[in-house]
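When reading the values below, keep in mind they use all heavy atoms of this one structure, side chains included, and skip hydrogens, waters and symmetry mates. Atoms within a ligand are numbered from 1 in the order they appear, just like the ligands themselves.
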Amino acid sequence: MEYSPTKMQNLLEKNNFSFKKSFGQNFIIDENVINSIVTKADIDDDTLVLEIGPGAGSLTYKLAQVSKQLVCFEIDERLKDTLESNLSSFDNIDIIFNDFLSADIKSVLEKYEYKKLYVVANLPYYVTTPIIIKLIEDNILPNKIVVMVQKEVGNRFKALPKTKEYNSLSVFLNYYYDIKKIIDVSRNVFIPKPNVDSIVVEFNLKSSRYKLIDEKLFFKIVKDSFKQKRKTIRNNLKGYDLEVIKSVLEKHNVDLSVRAEALPLEVFVDISNELSNKHN
Ligand code: SAM
């Protein structure tokens, strides 16, 4: 069945589907939005595509048309019949009915041969950040991530220093990825209609990253630096060697009274590496 919003709605109705808010179920009903996401993903035959939350399969359908192989994780088994009948014309889709957050993704991906991994999804809003963090912490590190997310969350992902959205997550993500917004998406293109707007963001894995002597220390320092947003680095990092931190900050023309929100990624890298050098 070729995808169309009306066909999808009819099929859901036929299968007596009731949307579950607790699963973040807001399905896209605008083909232009779906096409923009798929075009931006720019998938080729070397790419394995991972979709988290196929829902009724509308994005999945378009992804399957341009992918050699697609793997999907869907938490809601009630969608099985709808997905099967929507996607029956494809033989390049594997759907795993499991919670993405608790699944062993690496061992699933090991079964496929591919050169690049792309994640393309309209993410469930209640777990957007945990999903992105899992992709990094489980060392899956997709080459590209194109995802629809709640606007405010997306703005934090791509936030730059000295903006109100900038936080420890922005620094963490920026260490691995170049992140940009692709499109704004109105709340009117979903059923049911959510009470927030969305954006589609694209993450591209950095080909070279800053060298870190101790990654764990780096992430701890970043987290601690933003612990109390209105406090200075002197206050938030008082458990660390402030003399070392002061001399790093001076190199970057700031002092201990600066707030974390003003510091770019490279300053956190420098602080972490200098502390590692001094104390190891
Ligand atoms: N891709 C579909 C679309 O765009 O129309 C549905 C997107 S909807 C925002 C999010 C989907 O993720 C739902 O189908 C929901 O059941 C699924 N989901 C929610 N939590 C999940 C989880 N932890 N693991 C896998 N799928 C999940």
Handout entry: contact_flag I34 ligand 1 heavy-atom lt 4.0 Å
Key = no
Exercise for the section: Provide, to 0.1 Å, the distance between atom 23 (N) of ligand 1 and the closest protein heavy atom, together with that atom's residue and name. Expected result: D99 OD1, 2.8 Å
Problem - Co-membership, hydrophobic cluster, residues V146 and V189, 4.5 Å side-chain - result: yes
Practice task
If you have a sec, work out which protein heavy atom is nearest atom 4 (O) of ligand 1 and how many Å separate them, to one decimal?
Solution key: N122 ND2, 2.8 Å
Practice task
Considering the heavy atoms of N98, write down every atom of ligand 1 situated less than 4.0 Å from one of them.
Solution key: 24 (N), 25 (C)
Handout entry: Any side-chain heavy-atom pair of E74 and P54 under 4.5 Å
Key = yes
Practice task
Check whether any N or O atom of I75, backbone or side chain, sits under 3.5 Å from an N or O atom of ligand 1, and answer yes or no.
Solution key: yes
Problem - Geometric N/O contact I28 with ligand 1, under 3.5 angstrom - result: yes
Practice task
Answer whether the closest heavy-atom distance between the side chains of I271 and Y240 falls below 4.5 Å.
Solution key: no
Handout entry: Heteroatom proximity flag, Q25 to ligand 1, N/O under 3.5 Å
Key = yes
Handout entry: Donor-acceptor contact present, side-chain K40 to main-chain E202, <3.5 Å
Key = no
Handout entry: Side chain S186, main chain N188, donor-acceptor under 3.5 Å
Key = yes
Practice task
Answer with yes or no whether the side chains of S225 and N236 bring together a donor and an acceptor at under 3.5 Å.
Solution key: no
Problem - In one Ile/Leu/Val/Met/Phe/Trp/Tyr side-chain cluster, 4.5 Å: I182, I145 - result: no
Exercise for the section: Would you mind listing which atoms of ligand 1 come within a distance below 4.0 Å of any non-hydrogen atom of L123? Expected result: 9 (C)
Exercise for the section: Run the contact test for E51 against ligand 1 with a 4.0 Å cut-off on heavy atoms, strictly below, and give the result. Expected result: yes
Practice task
Report yes if the side chains of Y166 and R156 come closer than 4.5 Å at any heavy-atom pair, otherwise no.
Solution key: no
Handout entry: Residue selection (non-hydrogen contact nearest atom 15 (C) of ligand 1) among F73, F100, F19, F23
Key = F23
Exercise for the section: Consider every N or O of D76 and every N or O of ligand 1, then say whether any pair is closer than 3.5 Å. Expected result: no
Problem - Any N or O of L59 closer than 3.5 Å to N or O of ligand 1 - result: no
Problem - Nearest-0.5 Å distance that lies between atom NZ in K62 and atom CD1 in I34 - result: 7.0 Å
Exercise for the section: Examine distances only and state if a side-chain atom of N92 and a backbone atom of S67 form a donor-acceptor pair shorter than 3.5 Å. Expected result: yes
Problem - Close approach, Y126 and ligand 1, non-hydrogen under 4.0 angstrom - result: yes
Practice task
Have a look at G53, G57, P54 and point out the one with the heavy atom closest to atom 11 (C) of ligand 1.
Solution key: G53
Practice task
Look at ligand 1 and say whether I131 reaches it with a heavy atom at a distance under 4.0 Å.
Solution key: no
Problem - Ligand-side contact atoms (ligand 1) for residue partner S58, heavy atom cut-off under 4.0 Å - result: 5 (O)
Problem - Atoms in ligand 1 with a heavy atom of N26 nearer than 4.0 Å - result: 7 (C), 8 (S), 9 (C)
Practice task
Check whether F97 and I131 end up in the same hydrophobic cluster, where Ile, Leu, Val, Met, Phe, Trp and Tyr are linked by side-chain heavy atoms less than 4.5 Å apart.
Solution key: no
Practice task
Check the side chains of D44 and T47 for a donor-acceptor pair under 3.5 angstrom, ignoring hydrogens and angles.
Solution key: yes
Exercise for the section: List the closest protein heavy-atom neighbour of atom 17 (C) of ligand 1: residue, atom name, distance to the nearest 0.1 Å. Expected result: E74 OE2, 3.4 Å
Problem - G24 neighbourhood, listing ligand 1 atoms whose heavy-atom distance to it stays under 4.0 Å - result: 8 (S), 9 (C), 10 (C)
